[in-house]
Each structure stands twice: as structure tokens, then as C-alpha cells.
Colleague: 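Shown below is the structure under consideration.
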Amino acid sequence: MPKETLHYRRLLPDSVRDSARLRLALTHRSAHPDKNNERLEFLGDAVLGLAVADWLYRNHPEWSEGDMSRIRSTLVNREALNAVGQRTGLIDHIHVSGSMTDEQSPISSRVVASAVEAVIGAVYLECGERQARDFVLAWLAPLLEAVPDDPEQAKDPKTRLQERLQMQHRKRPVYRALLSPASGGNATGFLVECSVGTIKTVGFGATKRDAELAAASEMLAAHARRA
């Protein structure tokens with residue numbers, strides 16, 4: 001069994017590892033329209049949000065409500081939960097229909113993130129609130145350790161660029177896709193141009209959003225050089 005998969009199972013409480021609820025948490029609707037993880041996902045989302053909010057409140061008493069909300073959103077969004085599912089090997093145990101995945105089209109980040117929340121819901125039902133919170137914090141430990149002391153540092157490049165331009169009373173940046181997998185050829189990602197006045201930068205990413213973030217980061221760097 002792969003090392004990462006062992007890590008995923010090792011984090012689970014003993015009573016959950018071989019439970020029917022865990023099997024249900026790992027079953028996507030495409031694999032079973034009636035017995036699937038959607039209800040557990042709903043529950044796990046609430047448990048996850050509470051556990052992260054409680055951690056932020058206790059560990060950062062100097063932060064405002066807005067600061068905590070912004071950081072929480074970076075810890076519980078689809079990208080973060082997909083990373084958890086990938087890192088721990090959970091993705092290899094999600095049951096989906098054969099038509100949803102193949103070598104060219106792996107399980108989507110949405111499906112992985114939903115399974116992560118469903119597993120949290122299963123832990124809550126099997127073990128109660130205290131153990132569920134501990135499980136969430138253990139699962140998210142690498143993300144929690146990376147939370148910056150200054151919440152402003154957690155803003156993504158698009159947000160920081162937008163706020164900088166607003167402070168300067170300038171127009172919003174314009175993003176334009178130059179290349180995408182749908183364009184044909186051998187494109188495996190997205191190339192996006194960011195324009196602010198006469199300044200243009202480009203960014204590449206696996207998704208359009210990733211490419212926009214990369215282009216915005218380049219624009220911030222270009223503005224810093226001209227300051």
C-alpha cells in the first residue's frame with residue numbers, strides 16, 4: 001500500500017477506518033444515485049467550517065472578523081480540500097462511475113473536495129464533535145501551519161492587484177485568454193493576458209483561474225519595478 005494512502009488511513013479514528021459510513025463518504029453520486037456521499041458532504045462542510053473558525057478565533061485573537069473570514073475561505077475552498085485529498089491519497093479511494101474518469105481525465109477537484117467533506121461528516125457521526133475537530137485540524141495541519149501572521153499576505157494576486165488599482169482610482173485589470181485546451185493544438189493549460197493601461201503581462205496555469213492569478217502576480221511585480 002502506498003505511503004500516502006497509509007497516511008490517509010492513519011489519520012482516521014479506529015472506529016471509522018472500516019465503517020459503512022466511510023464507504024458511503026467515498027461514494028460519489030455517479031457510482032450510486034441513491035446511496036452516495038451528498039448528505040455526509042453537507043454535514044462535513046458545517047463541521048469543517050466550525051473547526052477552522054474555532055482554530056482561527058483561538059489562535060489569532062488580534063484578527064478582525066473580516067481577517068478570519070478571508071483566511072477561512074482559503075482553508076476550506078475547493079482547491080485546498082482537493083490538495084488534502086491528493087496529498088493523503090484519499091483520491092485513490094473515491095468511487096465514481098467509470099465514465100467519469102480515465103487516464104486523460106482524472107477525478108475532478110470538485111469530486112475530491114466533496115469526498116473530503118463527506119469523510120469529515122462520517123467522522124463526526126461516528127466519533128462526535130471533539131474527535132471530528134481534532135481530525136479536521138490533523139488533516140489540515142500543513143495548511144494551518146502555513147497561515148501567515150499578517151492576514152493581508154493571504155490575499156491572492158488578483159485581489160491585491162484589484163485593491164491597489166482601486167486605491168489609485170484606476171480602472172480594473174482586463175484578463176483575456178490567449179490560449180486554452182479548447183483552442184486546439186497541443187495546449188495543456190491556459191495562457192492569460194492581464195492588461196492595466198498600456199502594461200500587459202501573461203500567466204500560464206492548468207486552469208483559467210490559475211493563469212489569471214499568475215498574470216496578476218506578474219502585473220504586481222511590474223508595478224513594483226515601476227514604483
Side-chain angles (χ1 to χ4, degrees), residues 1-56 69 71-144 181-182 189 205-210:
M1 186 175 291
K3 180 179 179 181
E4 291 295 343
T5 301
L6 283 171
H7 179 55
Y8 142 68
R9 289 186 62 81
R10 190 164 58 243
L11 287 173
L12 288 170
D14 291 342
S15 62
V16 180
R17 288 177 186 164
D18 298 305
S19 68
R21 281 200 175 107
L22 178 61
R23 291 192 291 275
L24 185 63
L26 296 174
T27 302
H28 184 257
R29 183 180 180 85
S30 64
H32 202 298
D34 298 319
K35 296 181 180 180
N36 56 66
N37 63 9
E38 290 181 347
R39 284 171 54 83
L40 284 173
E41 175 194 351
F42 170 81
L43 181 59
D45 174 68
V47 176
L48 170 66
L50 177 60
V52 172
D54 180 74
W55 184 89
L56 290 170
S69 293
I71 299 299
R72 181 179 60 182
S73 70
T74 69
L75 296 170
V76 302
N77 62 28
R78 185 193 306 174
E79 290 81 6
L81 298 184
N82 177 55
V84 169
Q86 297 275 356
R87 173 175 52 80
T88 62
L90 181 73
I91 186 173
D92 298 325
H93 298 266
I94 301 172
H95 305 298
V96 297
S97 70
S99 62
M100 282 195 65
T101 180
D102 54 40
E103 292 183 0
Q104 286 72 41
S105 302
I107 295 176
S108 71
S109 61
R110 181 188 297 275
V111 172
V112 177
S114 296
V116 168
E117 290 179 328
V119 170
I120 293 170
V123 172
Y124 172 80
L125 290 176
E126 290 286 338
C127 305
E129 181 181 348
R130 176 63 64 85
Q131 276 194 266
R133 287 198 195 192
D134 291 344
F135 174 70
V136 168
L137 298 184
W139 232 8
L140 299 188
L143 298 177
L144 297 176
T207 67
K208 186 177 180 182
R209 174 172 169 75
D210 289 342

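Heavy atoms only: backbone and side chains are in, while hydrogens, waters and symmetry mates are out.
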Colleague: Is there a donor-acceptor contact under 3.5 Å from the side chain of Arg17 to the main chain of Arg10?
Modeller: yes
Colleague: Rounded to the nearest 0.5 Å, how far apart are OG of Ser19 and CG of Leu12?
Modeller: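 Ser19 OG to Leu12 CG: 8.0 Å, rounded to 0.5 Å.
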Colleague: Can you give me the closest heavy-atom contact between Val123 and Pro13, atom names plus distance?
Modeller: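 That would be CG1-CG, 4.0 Å.
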Colleague: Would you say Val52 and Leu140 make side-chain contact, with heavy atoms under 4.5 Å?
Modeller: yes
Colleague: Do Val119 and Leu26 come within less than 4.5 Å of each other through their side chains, counting heavy atoms only?
Modeller: yes
Colleague: To the nearest 0.5 Å, what is the distance between CH2 (Trp55) and CG (Leu144)?
Modeller: 4.5 Å
Colleague: With a 4.5 Å cut-off on side-chain heavy atoms, are Thr27 and Lys35 touching?
Modeller: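 They are not in side-chain contact.
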Colleague: How many angstroms lie between atom CG of Leu56 and atom CG of Leu75, to the nearest 0.5 angstrom?
Modeller: 6.0 Å
Colleague: Excluding sequence neighbours, so at least two apart, what forms salt bridge (charged side-chain N to carboxylate O under 4.0 Å, His left out) with Arg133?
Modeller: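 By the salt bridge (charged side-chain N to carboxylate O under 4.0 Å, His left out) rule, Arg133 matches Asp54, Glu129.
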Colleague: In chain order, what residues pass the salt bridge (charged side-chain N to carboxylate O under 4.0 Å, His left out) check against Glu41, with sequence neighbours excluded?
Modeller: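 So Glu41 forms no salt bridge (charged side-chain N to carboxylate O under 4.0 Å, His left out) with any residue.
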Colleague: For residues Val84 and Leu143, determine if any side-chain heavy atom of one lies less than 4.5 Å from a side-chain heavy atom of the other.
Modeller: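 In short, these two side chains touch, coming nearer than 4.5 Å.
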Colleague: Quick one: list whatever passes side chain to side chain contact (heavy atoms under 4.5 Å, CB included) with Arg23, sequence neighbours left out.
Modeller: Ala20
Colleague: Is there side-chain contact between Glu38 and Arg29, with heavy atoms separated by less than 4.5 Å?
Modeller: yes
Colleague: Write down the atom of Ala132, the atom of Val47, and the distance for their closest heavy-atom approach.
Modeller: CB-CG1, 4.0 Å
Colleague: Any idea which heavy atoms bring Arg78 and Ser109 closest together, and the distance?
Modeller: CD-OG, 3.2 Å
Colleague: Within a strict 4.5 Å, meaning less than it, do heavy atoms of the Trp139 and Leu90 side chains meet?
Modeller: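 Heavy-atom side-chain distance check passes, below 4.5 Å.
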Colleague: Please indicate whether Arg110 has more than 12 foreign heavy atoms, meaning atoms of other residues, nucleotides or ligands, lying under 6.0 Å from its CZ.
Modeller: no
Colleague: Report the distance from atom OH of Tyr124 to atom CG of Leu48, rounding to the nearest 0.5 Å.
Modeller: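 If I round to the nearest 0.5 Å, the distance is 14.0 Å.
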Colleague: Can you see which heavy atom on Cys127 is nearest to which on Val16, and at what distance?
Modeller: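 Minimum heavy-atom separation between Cys127 and Val16: SG-CG2, 3.7 Å.
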Colleague: Which pair of non-hydrogen atoms, one from Val136 and one from Ala51, has the smallest distance, and what is that distance?
Modeller: CG1-CB, 3.8 Å
Colleague: Roughly how far, to the nearest 0.5 Å, is the OG atom of Ser15 from the CD atom of Glu126?
Modeller: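 Spacing of CD (Glu126) from OG (Ser15) equals 5.5 Å.
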Colleague: Under 3.5 Å, is there a donor-acceptor pair between the side chain of Asn37 and the main chain of Leu40?
Modeller: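 It does not hold such a pair.
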Colleague: Rounded at 0.5 Å granularity, tell me how far CD1 in Ile120 sits from CZ in Phe135.
Modeller: 6.5 Å
Colleague: Looking at Asn36 and Pro33, would you say the former's side chain and the latter's main chain have a donor-acceptor pair under 3.5 Å?
Modeller: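 Present.
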Colleague: If you look at every heavy atom in Leu22 and Ala122, which pair is closest and at what distance?
Modeller: N-CB, 4.4 Å
